[in-house]
Amino acid sequence: MTTKPVLLIHGGAWAMPDQEIAAHERGIANALAAGYSLLEQGATAVDAVEAAVAVMEDDETFDAGRGSFLTQDGRVQMDALLMDGSNLRTGGVACVERLRNPIRAARLVLDKSPHVYFVGTGAERFARQHGMLLCENMDLVVRREQERLYKAQAAELAGLPDETFSGNLEAAIKLQSHDTVGAVALDQYGNISAGTSTGGTLNKAPGRVGDSSLIGCGCYADNLSAAVSLTGWGEPIMKLVLGKWAVDRVAAGATPAEAAQAAIDYLFGRLGGYGGIILLGPDGQVGLAHNTPRMAWGLQTPNGPQLGVTRNPG
Ligand code: ASP
């Protein structure tokens, strides 16, 4: 008997302005279509997650691949993780600057390396040795992000709150810069997978790694529990190892919806963190929660696609 495939994806959770909603919905729809068509053709959950995430990396709307937020020195520096819940094989890359699709490099690590995690130039060299093309860092930088960086740095220098947010600068950075992408999938063979890809946070120090690509923090998958991808303010998510925390709740009997909400409550209650989470159990049940004003998500099952920016799947 085959399992009914499920694909659940996100494109960040933050105070997304109204004028950005349409682009996010378009990007989510394209990623869902790419990932789900593979599942329908019998591809694995890992294939579907990789494909959906790569589509969002290619879309400048999101903070992943080209269009990522910039570091303090104006460069794109990206992190990604991909995990196969059927055997716990995992591939991660961090601080890569010359790859258009870090999730594809993560896939190569998962498939071809005895190691789990590569950083910086070592990660780029590994990807190149396995057939990926390197680009220039400037190929990944977009004008919109240069302007956003100048504004954030000018506000920081002047000690002023960011004008696009009514709170203080610290709150603006916490709430505004979370456009990371991620996906969780269940394939017809009953296996689950998770992937997360990010350019990190706006104005981050060079070399900073967030939660997204750290195993058990921004991403995790195990057929014996659940698949998870997170977005949001990375440091608190890392301190709580929140992805693993959430899937362990599913293994202990919580539904993915309950575990997702509990994880976000824990993130805020324990450390005042903000973010969003998607969870998928091996039985196809899903969960999604966020405590940011908005979250971009999409869900596809044999009943068809649903997507939105503010609502939870229902
Ligand atoms: N969690 C990511 C990070 O801290 C940022 C995000 O989700 O947008 O690197």
Side-chain angles (χ1 to χ4, degrees), residues 9-17 20 24 27-28 53 56-57 59-72 75-81 92-97 102-103 106 117 119 140 144-145 148-149 152 165 170-184 194-220 228-246 260 263-264 267-268 271-278 288-297 309:
I9 68 176
H10 72 81
W14 56 297
M16 198 179 296
E20 299 234 11
H24 281 76
I28 291 279
V53 169
M56 292 187 280
E57 287 176 335
D59 185 332
E60 289 176 18
T61 305
F62 301 102
D63 174 28
R66 183 172 154 82
S68 287
F69 294 127
L70 302 180
T71 60
Q72 282 167 359
R75 295 174 71 79
V76 165
Q77 213 172 63
M78 303 161 294
D79 313 325
L81 190 85
V93 295
C95 293
V96 292
E97 297 192 343
I103 198 70
Y117 204 80
V119 301
L140 305 172
R144 177 196 69 215
E145 292 309 323
R148 202 190 317 241
L149 180 68
F165 186 75
E170 202 195 354
I173 286 174
K174 281 174 205 163
L175 283 175
Q176 283 193 8
S177 42
H178 303 296
D179 232 344
T180 290
V181 304
V184 289
T196 308
S197 180
T198 190
T201 47
L202 173 62
N203 202 20
K204 67 182 179 182
R208 177 262 187 194
V209 178
D211 62 302
S212 307
S213 69
L214 296 184
I215 188 166
C217 297
C219 186
Y220 198 76
V228 65
S229 174
L230 284 119
T231 178
W233 181 21
E235 280 71 12
I237 294 171
M238 290 153 75
K239 290 173 190 168
L240 298 174
V241 197
L242 198 58
K244 185 68 165 62
W245 188 96
I264 294 300
L267 175 66
F268 188 75
L271 292 175
Y274 287 92
I277 182 171
I278 56 173
L288 178 152
H290 58 101
N291 63 351
T292 48
R294 286 181 163 150
M295 180 166 184
W297 60 268
V309 163

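Indexing begins at 1, ligand by ligand and atom by atom, following the structure's order. Quick caveat, the model's predicted, so the values are computed rather than measured.
- Scanning all heavy atoms of the two residues, the minimum distance from Gly27 to Asp59 falls at CA-OD2, 3.3 Å.
- Looking at Lys204 and Glu235, no side-chain N of the basic residue comes within less than 4.0 Å of a carboxylate O on the acidic one, giving no salt bridge.
- Considering both main-chain and side-chain atoms, Phe69 never comes within under 3.5 Å of ligand 1 through any nitrogen or oxygen pair.
- Phe62 approaches Ile28 most closely through the heavy-atom pair CZ-N, 4.1 Å.
- Listed by atom number, the atoms of ligand 1 under 4.0 Å from Ser212 heavy atoms are 1 (N), 2 (C).
- Assignment of Gly218 to the shell around ligand 1 is not supported, since no heavy atom sits closer than 4.0 Å.
- Heavy-atom proximity to Thr231, at under 4.0 Å, picks out these atoms of ligand 1: 6 (C), 7 (O), 8 (O).
- Atoms of ligand 1 lying under 4.0 Å from at least one heavy atom of Asp211, given by number and element, are 1 (N), 2 (C), 3 (C), 4 (O).
- Close approach to Asp179 involves these atoms of ligand 1, each under 4.0 Å from a residue heavy atom: 8 (O).
- Residue-to-ligand polar distances place Thr180 within reach of ligand 1: an N/O pair is separated by less than 3.5 Å.
- Proximity to Thr201 (heavy-atom distance under 4.0 Å) selects the following atoms of ligand 1: 4 (O).
- If you look at Arg208 next to ligand 1, the close heavy atoms, those under 4.0 Å, all belong to the side chain.
- Residue contacts with ligand 1: Gly210 is placed with no nitrogen or oxygen under 3.5 Å of a nitrogen or oxygen of the ligand (distance criterion only).
- For the residue pair Gln77/Thr71, the side-chain donor-acceptor check at 3.5 Å is not satisfied.
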### Query
Can Thr180 and Thr198 be said to form a side-chain hydrogen bond (donor to acceptor under 3.5 Å, both in side chains), step by step?
CA-CA 5 Å; Thr180 290; Thr198 190; 2.6 Å; yes
### Message
As a quick check of understanding, evaluate side-chain contact (heavy atoms from CB on, under 4.5 Å) for Trp245 and Leu240, giving each step before the final call.
### Response
CA-CA 8 Å; Trp245 188 96; Leu240 298 174; over 6 Å; no
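- When all heavy atoms are compared, the tightest approach of His290 to Leu288 is CD2-CD2, 4.0 Å.
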